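The structure appears below as structure tokens.
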Amino acid sequence: MYSQLTKNEKIIKLAKIGNSWVDTLDSFELISPIDGRVIGLIADCGPKEALQAIDASEEAFELWKATSVDTRYQILSHWARLIVEEKNQLAEIMALEMGKPIKEGKKEVDYAASFVWWYAEEAKRIYGVTIPAPVPSKRIVVLYEPVGPVLAITPWNFPAAMVTRKAASAIAAGCTIIIKPAERSPLTATFLASLWDKAGGPPGVLQVLPTANPERLCKVFFDDFRIRKISFTGSIPVGKAIYKEAAKTLKGVLLELGGNAPMIVFADADIDTAIREAIQAKFRNAGQACVAVNRLYVEKKISEPFCSKLVEETKKLVLGDPFLPSTDIGPLVGEQSLQKIHSLLADVLEKGGKILCGGESQGLYFAPTIVWVSDPSARILNEEIFGPVLPVIHFETEREVISWSNATNYGLASYVMTSDLKRAFRLSESLRFGIVGINDGRPSCCQAPFGGIKESGIGREGGQWGIKEFLETKYLSFNLD
Ligand code: NAD
């Protein structure tokens with residue numbers, strides 16, 4: 001099907017329900033941010049398809065939870081191999097549907113596959129425990145069992161990795177999973193599901209239901225008792241709404257929400273490292289990442305030379321067609337993102353800010369921008385930007401910068417650039433965020449726990465923590481009297 005994947009043809013994509021690729025009565029148009037062209041007609045799933053998927057998920061769960069961990073390992077590792085083999089195709093799909101530059105898309109595919117490899121192995125390590133009992137005639141055994149059918153709701157900004165990070169851990173735990181991909185990135189999710197089929201994944205274990213109306217579709221999942229866990233990645237308002245919905249049938253929730261990451265650069269930092277990491281952490285995916293640096297605090301005594309080097313390096317980034325191998329930054333995903341960035345910039349300029357480079361846009365293509373901020377109340381420091389704009393402000397004391405950094409309801413990622421070991425420890429213990437990168441602008445990897453505190457979320461994905469989200473603790477008490 002994806003041999004049609006050129007920039008000039010339309011793709012027709014179906015939903016993956018049970019064992020079949022299902023055509024729906026309705027469909028919706030998928031528009032590429034590259035040039036505004038309609039690139040696909042996508043199945044628009046509704047309540048009928050939702051119920052079919054829950055039935056299939058429940059039926060498959062009974063079989064899948066009973067599979068040996070070796071079977072899970074074999075199928076998951078086969079899936080990982082196929083994902084890597086299809087790296088180019090997946091990178092092209094992402095470029096087409098949400099504008100990610102090809103060279104970055106290939107890195108995302110490796111990152112996406114790394115979760116599948118990791119959880120193929122982690123399935124083997126769902127260890128239970130035995131505990132000495134309070135009386136000689138008893139034995140205490142604790143087991144871990146899969147929670148049941150899972151609903152995963154994924155965002156468009158990492159269309160491959162957000163699917164595999166959820167699916168691989170749930171499937172390794174013995175759960176079945178229904179994926180509702182973002183409206184802007186259904187092709188990546190359905191392509192991954194086709195690779196799951198190819199890897200020998202049993203029917204009903206992984207299903208994909210695209211929709212243009214997530215509220216209508218997901219209401220059926222939220223109301224159905226059989227779905228036992230919701231794993232959601234997306235914005236804070238939608239995460240809060242889901243949390244409320246989940247309460248109706250007391251489903252477990254895993255919420256990976258937005259961020260407002262500070263990066264603090266101390267005068268004692270290695271400046272070249274700080275600039276390299278700041279650029280990676282800000283401009284990757286055109287700044288459309290939950291862990292993107294949202295505000296850069298630089299110590300006053302180095303702020304001038306730091307900013308001029310930062311501007312010099314930022315100007316080297318290539319903005320353009322995501323299909324070109326030289327492109328670093330592609331288009332924003334949509335008009336709404338563009339409007340938000342313009343409005344944040346207008347606000348900061350009104351409050352005495354100054355654009356040091358960039359600031360202009362053509363269509364959805366927004367130039368990488370550095371903006372100097374003089375008023376800490378500027379909205380740009382307090383809201384998630386989700387675009388290629390980096391606000392910079394100076395600070396004078398460690399104490400004040402810690403307090404500014406923590407003065408937010410967000411708590412996902414934060415970054416500290418310093419060569420002072422004592423300071424690195426002090427800062428990593430003072431920053432109220434789920435992740436602290438020390439001289440590291442790209443801390444996320446399959447081995448580590450990824451997630452936020454405060455309004456940035458509940459729970460963790462990745463490493464040994466990700467699989468536990470999909471396991472229930474069961475206690476067996478044997479009375480041998
Ligand atoms: P979004 O909240 O608008 O959408 C996320 C998903 O939720 C999409 O699949 C969407 O269709 C679905 N959705 C929207 N309304 C819904 C409803 N009423 N019921 C059920 N589903 C609904 O977010 P987005 O714009 O796609 O993604 C950007 C946001 O995601 C940013 O805030 C970003 O920080 C966050 N994000 C967080 C992480 C993380 O791991 N913490 C990773 C990537 C993105």
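Each ligand, and each atom within it, is numbered from 1 in the order the structure gives. Keep in mind it's a predicted model, so treat the numbers as computed, not measured.
The nearest pair of heavy atoms linking R125 to E121 is NH2-CB, 3.2 Å. Of all heavy-atom pairs between I153 and I242, the closest is CD1-CD1, 3.8 Å. A pairwise comparison of heavy atoms in R216 and G46 identifies NH2-CA, 3.7 Å as the closest pair. Between W118 and C446, the shortest heavy-atom distance links the atoms CB-SG, 3.9 Å.
Within ligand 1, counting atoms from 1 as listed, the ones closer than 4.0 Å to a heavy atom of R165 are 40 (O). For ligand 1, the atoms lying closer than 4.0 Å to a non-hydrogen atom of G258 are 32 (O), 34 (O). Interface of C218 with ligand 1, defined as ligand atoms under 4.0 Å from a residue heavy atom, comprises 20 (C). Residue V238 approaches ligand 1 through these ligand atoms, each under 4.0 Å from one of its heavy atoms: 2 (O), 13 (N), 14 (C), 15 (N), 16 (C), 22 (C). If you number the atoms of ligand 1 from 1 as listed, the ones under 4.0 Å from a heavy atom of T154 come out as 6 (C), 8 (C), 9 (O).
Residue, atom and distance of the protein heavy atom nearest to atom 38 (C) of ligand 1 are C290 SG, 3.0 Å. Of all protein heavy atoms, the one lying nearest to atom 18 (N) of ligand 1 is E215 CG, 3.6 Å. Atom 41 (N) of ligand 1 has L257 O, 2.7 Å as its closest protein atom, hydrogens excluded (heavy atom only). Residue, atom and distance of the protein heavy atom nearest to atom 12 (C) of ligand 1 are I153 CG2, 3.6 Å. Atom 10 (C) of ligand 1 has E183 OE1, 3.5 Å as its closest protein atom, hydrogens excluded (heavy atom only). Ranking protein heavy atoms by distance to atom 22 (C) of ligand 1, first place goes to P214 CB, 3.6 Å.
Residue L412 touches ligand 1 through its side chain alone, judged by heavy-atom distances below 4.0 Å. If you look at E384 next to ligand 1, the close heavy atoms, those under 4.0 Å, all belong to the side chain. Contact annotation for T233 and ligand 1: heavy atoms of both the backbone and the side chain come within less than 4.0 Å of the ligand. By the criterion of a heavy-atom distance under 4.0 Å, the side chain of N157, and not its backbone, is placed next to ligand 1. Of all the heavy atoms of F158, none lies under 4.0 Å from any atom of ligand 1, so neither backbone nor side chain is involved. Residue-level proximity to ligand 1 for P155 is carried by backbone and side chain together, each with a heavy atom below 4.0 angstrom.
The residue among S235, G234, A189 with a heavy atom at the shortest distance from atom 2 (O) of ligand 1 is S235. Across the listed options F232, F221, F222, F386, F386 owns the non-hydrogen atom lying nearest to atom 33 (C) of ligand 1.
For atom 4 (O) of ligand 1, the protein comes within 4.0 Å by no heavy atom at all.
Under the 6.0 Å distance and 45° angle rule, K180 does not count as a cation-pi partner of F232.
Atoms OG and CD1, on S231 and I177 in that order, are 6.5 Å from each other to the nearest 0.5 Å.
Using a 3.5 Å distance cut-off with no hydrogens or angles, the side chains of S27 and D44 do not pair a donor with an acceptor. Between the side chains of S169 and E461, no donor N or O sits under 3.5 Å from an acceptor N or O. Looking only at atom types and distance, the side chain of S343 has a donor-acceptor partner in the side chain of R379 under 3.5 Å away. No side-chain donor-acceptor contact under 3.5 Å links K282 and T314.
Using a 30° and 60° split on the angle between ring planes, Y297 and W404 fall in the tilted class, from 30° to 60°.
Judged purely by atom type and a 3.5 angstrom limit, K240 has no side-chain atom pairing as donor or acceptor with the backbone of E455.
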(message) Pair K106, D110 - check salt bridge (Lys or Arg N to Asp or Glu O under 4.0 Å), show working.
(response) CA-CA 7 Å; K106 289 183 187 170; D110 285 334; over 6 Å; no
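Ligand 1 has W156 within reach: a non-hydrogen atom of the residue lies less than 4.0 Å from it.
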